[in-house]
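Worth knowing before you read on, the calculation uses all heavy atoms, side chains too, and leaves out hydrogens, waters and symmetry mates.
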Amino acid sequence: MHKNPQLRLTRRSFVAGAAGLAAVGGVSRSLAQETRTFDFRTRLTSYVFEDRPPTPNLVSLADHAPPPVLRLRKGQKSVINLTNGLDDYTTIHWHGLRIANQMDGVPYLTQMPVAKDETFTYAFTPPDAGTFWYHPHCMTMQQIAHGMTGMLIVEEDMDPGFDADVPVNMKDFRLNDDGTFLPYFTARGAARGGTYGNVRTVNWDVAPTYDVPSGGLVRLRLLNTDLTRVYKLFLPPVPGRVIAWNGNPVLEPIAMPTQDAPLWIAPGERADIALRVPESEGTPVAVQSVIAGQLTDIVTLRSVGASAKRDLAELAPLPKPELKEPDLANAERKDILFGWSPDGDGTKNGLCGDFGYTFWSIDRKPWPGDAVEGTGPVAHLRLGQSYVLRLYNESPNLHPIHLHGLVFKPIRSNMRTLPANWTDTILLLKDEVIDLGLVADNPGDWAFHCHVIEHQKSGLAGYIRVS
């Protein structure tokens with residue numbers, strides 16, 4: 001059994017939760033409406049994966065591994081002082097948060113990279129509650145491959161009524177038997193579906209088991225921070241429902257995942273599931289996937305203690321997101337094509353690293369690199385206007401497409417029925433065409449890219465301008 005230091009086992013007030021985080025990041029013990037301040041320093045650390053020797057040169061945001069779960073609150077100003085303790089430059093992107101452009105953490109587009117021993121202050125007020133995450137957007141592949149990903153939870157104003165809150169950060173590592181790192185990508189993988197890791201982890205542990213209250217209600221927060229892997233997850237037939245998708249409460253139902261109809265979670269995506277834990281102590285509930293033809297446990301919940309005798313009907317519904325519906329009758333359409341491209345000599349990323357291959361493109365133009373001047377936007381949207389983005393995938397590979405700073409709703413696909421739930425990331429299937437509706441309500445230059453990071457770094461990236 002693995003202990004999860006980030007698991008919250010009882011309903012508690014936000015102030016109590018903040019006190020529990022004090023040791024993680026220097027959070028102030030403040031009242032709910034006062035500014036919360038965190039002081040973080042990126043640093044190298046080590047960790048023991050399975051029965052291997054300790055793995056060195058892992059990257060964390062605190063003085064322990066894995067990187068901490070960061071809990072904020074909707075509508076409360078947060079200040080995060082990031083000091084870079086690495087030799088490489090870095091930034092932090094707050095994936096899914098609709099915040100001011102200059103706080104988005106994208107090198108050159110929104111800020112300069114942070115050098116060793118420099119400090120950059122991120123200050124923002126989260127407008128939405130939900131499950132988000134953070135990761136570097138400079139030296140992205142290297143630092144994510146070495147572990148620099150963490151869950152970002154924005155608490156609701158109200159208490160939904162859960163007995164336990166279980167963060168599940170799913171990520172592969174590529175390791176030798178001696179614990180050292182294998183190369184984090186291959187050119188062959190980058191030109192296809194991506195390069196898979198050989199050590200699959202949850203919160204840096206392999207197939208952990210977490211104890212939760214028998215007969216209780218659990219909020220399972222599933223997050224895929226892998227460079228490449230698309231998870232197809234399912235659960236045993238226990239009472240439950242999907243309550244949020246990619247940080248936003250579900251408006252159109254998403255079926256509970258089964259082996260015959262698993263839930264696909266691509267890199268960058270999240271799903272919140274409300275579960276009713278079995279009554280009998282010691283009963284396991286495993287989240288599973290079929291990987292390389294083998295039934296694989298990803299994470300297991302085990303019931304402990306006397307039954308809490310809870311019922312899913314006791315949960316309060318999550319508040320609906322405060323978002324503007326796109327006016328589809330008067331929306332302007334923008335066509336965007338994602339495809340393969342052998343043209344180019346690799347991206348040039350200045351202080352954030354070069355990538356020597358070009359395999360992918362948007363509108364048949366491979367992204368030349370973060371620091372390249374004179375590169376225009378993929379699309380220019382007028383502030384406050386409604387748009388339909390029509391995304392075409394002309395390649396045989398999957399592409400989870402992420403848009404910073406904005407959210408959108410799927411309208412239609414040429415291949416499947418998609419629930420019209422707000423999201424910041426959408427998985428494009430082979431040969432799929434998807435229409436997305438949005439309101440361009442957040443000004444700035446917003447990164448727009450595939451979250452298979454090898455695809456992003458070898459050309460499948462750009463930005464959308466809202467002004």
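With 3.5 Å as the limit, one finds a donor-acceptor pair spanning the side chains of Asp205 and Tyr47. Using modelled atom types, one finds no donor on one side chain facing an acceptor on the other under 3.5 Å when comparing Asn414 with Tyr392. In the model, Asp272 has a side-chain atom that pairs as donor or acceptor with a side-chain atom of Thr131 under 3.5 Å. With no hydrogens or angles considered, no side-chain donor-acceptor pair links His135 and His93 at under 3.5 Å. At a cut-off of 3.5 Å, with distance as the only test, no side-chain donor of Thr258 or Asp260 sits close to an acceptor on the other residue. A donor-acceptor contact closer than 3.5 angstrom is absent between the side chains of Glu118 and Thr83. In the model, Glu432 has a side-chain atom that pairs as donor or acceptor with a side-chain atom of Ser413 under 3.5 Å. A side-chain N or O of His449 and one of His404 form a donor-acceptor pair less than 3.5 Å apart. Under 3.5 Å, the side chains of Asn246 and Thr425 contain no donor-acceptor pair of N or O atoms. Residues Asp104 and Asn101 have side chains that never bring a donor and an acceptor to within less than 3.5 angstrom of each other. For the residue pair Gln288 and Thr296, no side-chain donor N or O sits within less than 3.5 Å of a side-chain acceptor on the partner. Inspection of the Ser467 and His380 side chains reveals an N or O donor paired with an N or O acceptor under 3.5 Å. No side-chain N or O of Arg302 forms a donor-acceptor pair with one of Thr209 less than 3.5 Å apart. Between the side chains of Gln143 and Tyr184, no donor N or O sits under 3.5 Å from an acceptor N or O.
Put simply, the side chain of Asp370 never gets that close to the backbone of Pro107: no donor and acceptor are under 3.5 Å apart. Under the 3.5 Å distance criterion, the side-chain polar atoms of Arg174 are matched with a main-chain donor or acceptor of Tyr196. With hydrogens and angles disregarded, a donor-acceptor distance shorter than 3.5 Å links the side chain of Ser303 to the backbone of Ser280. Counting only distance, with no hydrogens or angles, the side chain of His399 and the backbone of Leu429 share no donor-acceptor pair below 3.5 Å. In terms of modelled atom types and a separation under 3.5 Å, the side chain of Asn224 and the main chain of Asp226 share a donor-acceptor contact. Asn84 contributes a side-chain N or O that, together with a main-chain N or O of Val114, makes up a donor-acceptor pair within less than 3.5 Å. One N or O on the side chain of Asn248 and one on the backbone of Trp422 form a donor-acceptor pair closer than 3.5 Å. Within the 3.5 Å criterion, the main-chain N or O of Gly85 finds a donor-acceptor partner in the side chain of Thr42. A donor-acceptor distance shorter than 3.5 angstrom exists from the side chain of Gln76 to the backbone of Glu34, with no hydrogens or angles considered. Between the side chain of Asn203 and the backbone N or O of Pro167 there is at least one donor-acceptor pair closer than 3.5 Å.
Across His455 and Cys450, no two heavy atoms sit closer than the pair ND1-SG, 3.6 Å. Across all non-hydrogen atoms, the minimal contact from Trp204 to Pro67 is CZ2-CD, 3.5 Å.
The CD atom of Glu281 sits 5.5 Å away from atom OG of Ser214, with the distance rounded to the nearest 0.5 Å. The CG atom of Leu235 sits 8.5 Å away from atom CG of Leu301, with the distance rounded to the nearest 0.5 Å. For the atom pair OG (Ser289) and CG (Leu233), the distance works out to 5.5 Å, reported to the nearest 0.5 Å. For the atom pair CG (Asn393) and CZ (Phe338), the distance works out to 8.5 Å, reported to the nearest 0.5 Å. Remark: Tyr387 OH to Leu438 CG distance equals 9.0 Å, nearest 0.5 Å. Within the model, atoms OG1 of Thr90 and CG of Leu82 stand 6.5 Å from one another, a figure rounded to the nearest 0.5 Å.
A salt bridge between Lys74 and Asp128 is absent, with no side-chain N of the basic residue lying under 4.0 Å from a carboxylate O of the acidic one. At a threshold of 4.0 Å, the pair Arg71-Glu155 counts as salt-bridged, since one of the basic side-chain nitrogens sits closer than that to a carboxylate oxygen. With respect to the salt-bridge test (charged N to carboxylate O, under 4.0 angstrom), the residues Arg219 and Asp163 do not qualify. Arg200 has no carboxylate O lying under 4.0 Å from a charged side-chain N of Asp172, or vice versa, which leaves the two without a salt bridge. Classification of Arg310 and Glu279 as a salt-bridged pair fails, no side-chain N sitting under 4.0 Å from a carboxylate O. Under 4.0 Å is where a charged nitrogen must lie from a carboxylate oxygen, and between Lys409 and Glu325 at least one such pair does. Between Asp335 and Arg333 there is a salt bridge, with a side-chain nitrogen of the basic residue lying less than 4.0 Å from a carboxylate oxygen of the acidic one.
With Phe173 as the aromatic partner, Lys171 meets the cation-pi criteria of under 6.0 angstrom to the ring centre and within 45 degrees of the ring axis.
In this structure the side chain of Val388 reaches within 4.5 angstrom of the side chain of Ile411, judged on heavy atoms. Counting only heavy atoms from C-beta outward, the side chains of Thr300 and Pro208 never approach each other to under 4.5 Å. Put simply, the side chain of Ile243 does not reach to within 4.5 Å of the side chain of Ile273, judged on heavy atoms. The shortest side-chain heavy-atom distance between Leu312 and Leu217 falls under the 4.5 Å cut-off. Taking 4.5 Å as the limit, some side-chain heavy atom of Phe132 sits within range of a side-chain heavy atom of Arg270. Side chains of Arg390 and Leu337 form no contact here, defined as non-hydrogen atoms less than 4.5 Å apart.
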| So Asp441 and Lys324, salt bridge (charged side-chain N to carboxylate O under 4.0 Å, His left out) or not? Walk me through it. | CA-CA 8 Å; Asp441 57 358; Lys324 298 177 182 177; 5.4 Å; no
| request: Decide side chain to side chain contact (heavy atoms under 4.5 Å, CB included) for Leu227 and Thr195; before the verdict, give the C-alpha distance in whole Å, the side-chain angles of both, and the deciding distance to 0.1 Å. | output: CA-CA 8 Å; Leu227 291 165; Thr195 304; over 6 Å; no
| said: Test side-chain hydrogen bond (donor to acceptor under 3.5 Å, both in side chains) on Gln111 and Thr91; report intermediate values, then the result. | reply: CA-CA 8 Å; Gln111 69 169 94; Thr91 65; 5.1 Å; no
| message | Walk me through whether Phe38 and Val79 qualify under side chain to side chain contact (heavy atoms under 4.5 Å, CB included). | response | CA-CA 6 Å; Phe38 297 83; Val79 174; over 6 Å; no
| task | Check step by step if salt bridge (charged side-chain N to carboxylate O under 4.0 Å, His left out) holds for Arg382 and Glu332. | result | CA-CA 10 Å; Arg382 297 185 301 277; Glu332 181 181 346; 3.3 Å; yes
| request: Show your reasoning for whether side chain to side chain contact (heavy atoms under 4.5 Å, CB included) applies to Ile80 and Thr121. | output: CA-CA 6 Å; Ile80 302 166; Thr121 297; over 6 Å; no
| task | Quick one: do Leu152 and Leu72 satisfy side chain to side chain contact (heavy atoms under 4.5 Å, CB included)? Show the steps, please. | result | CA-CA 8 Å; Leu152 170 61; Leu72 310 179; 3.6 Å; yes
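Checked against the 6.0 Å centroid criterion, the rings of His95 and His451 qualify as a close aromatic pair.
The number of heavy-atom neighbours closer than 6.0 Å to NZ of Lys334, taken from other residues, nucleotides and ligands shown, is above 12.
Under the 30°/60° scheme for interplanar angles, the aromatic rings of Tyr122 and Trp94 are found to stand perpendicular.
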